[in-house]
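Before any comments, here is the structure.
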Amino acid sequence: DVAVLALEAHTLKSSSANIGALGLSEICFEIEKKARESCSDGLEPLVEASRRTYAQVASALQGIKE
């Protein structure tokens, strides 16, 4: 569902920018833009990139916590 994907990408875009994860924010911006345009071309690699980048951000944050 591209409407849900657009909303989730928008939320994660803003949250990641707030904590300085600008790479993740940029990927989410691209996902949100494509999803709002109902353009599924290229979404799958972007979603996969967001998953990898999210894992890196989560790992970095966990390292700060410890």
Side-chain angles (χ1 to χ4, degrees):
D1 184 351
V2 291
V4 172
L5 182 60
L7 178 61
E8 296 298 328
H10 176 80
T11 301
L12 187 54
K13 175 189 73 177
S14 300
S15 298
S16 58
N18 284 338
I19 63 167
L22 301 181
L24 180 57
S25 182
E26 180 62 30
I27 294 168
C28 291
F29 170 79
E30 293 298 327
I31 293 170
E32 179 186 13
K33 184 171 121 180
K34 285 185 174 287
R36 289 198 189 280
E37 295 170 353
S38 297
C39 177
S40 61
D41 291 340
L43 268 177
E44 189 174 329
L46 284 170
V47 170
E48 186 54 39
S50 73
R51 287 181 178 139
R52 285 191 310 274
T53 306
Y54 178 88
Q56 292 170 344
V57 170
S59 178
L61 291 173
Q62 187 63 33
I64 292 170
K65 182 181 172 187
E66 295 172 354

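Worth knowing before you read on, the calculation uses all heavy atoms, side chains too, and leaves out hydrogens, waters and symmetry mates.
Across Arg36 and Ala6, no two heavy atoms sit closer than the pair CG-CB, 3.8 Å.
In this structure, Ser14 contributes its side chain and Thr11 its backbone to no donor-acceptor pair below 3.5 Å. Within the 3.5 Å criterion, the main-chain N or O of Leu22 finds no donor-acceptor partner in the side chain of Ser25.
Tracing side-chain contacts under 4.5 Å through hydrophobic residues (I, L, V, M, F, W, Y), one reaches Leu43 starting from Ile27; they form part of the same cluster. By the rule that hydrophobic residues join a cluster once side-chain heavy atoms approach within less than 4.5 Å of another member, Leu5 and Leu46 end up as members of one cluster.
By the 4.5 Å heavy-atom criterion applied to side chains, Leu61 and Ile19 are counted as neighbours. When side chains are defined from C-beta on, Ser16 does not count as touching Val57, because their heavy atoms never get closer than 4.5 Å.
Separation of atoms CD (Glu26) and OG (Ser50) is listed at 13.0 Å; rounding is to 0.5 Å. Taking CD from Glu48 and OG1 from Thr53, the interatomic distance works out to 9.5 Å, rounded to the nearest 0.5 Å.
Under the side-chain hydrogen bond (donor to acceptor under 3.5 Å, both in side chains) criterion, Arg51 pairs with no residue, sequence neighbours left out.
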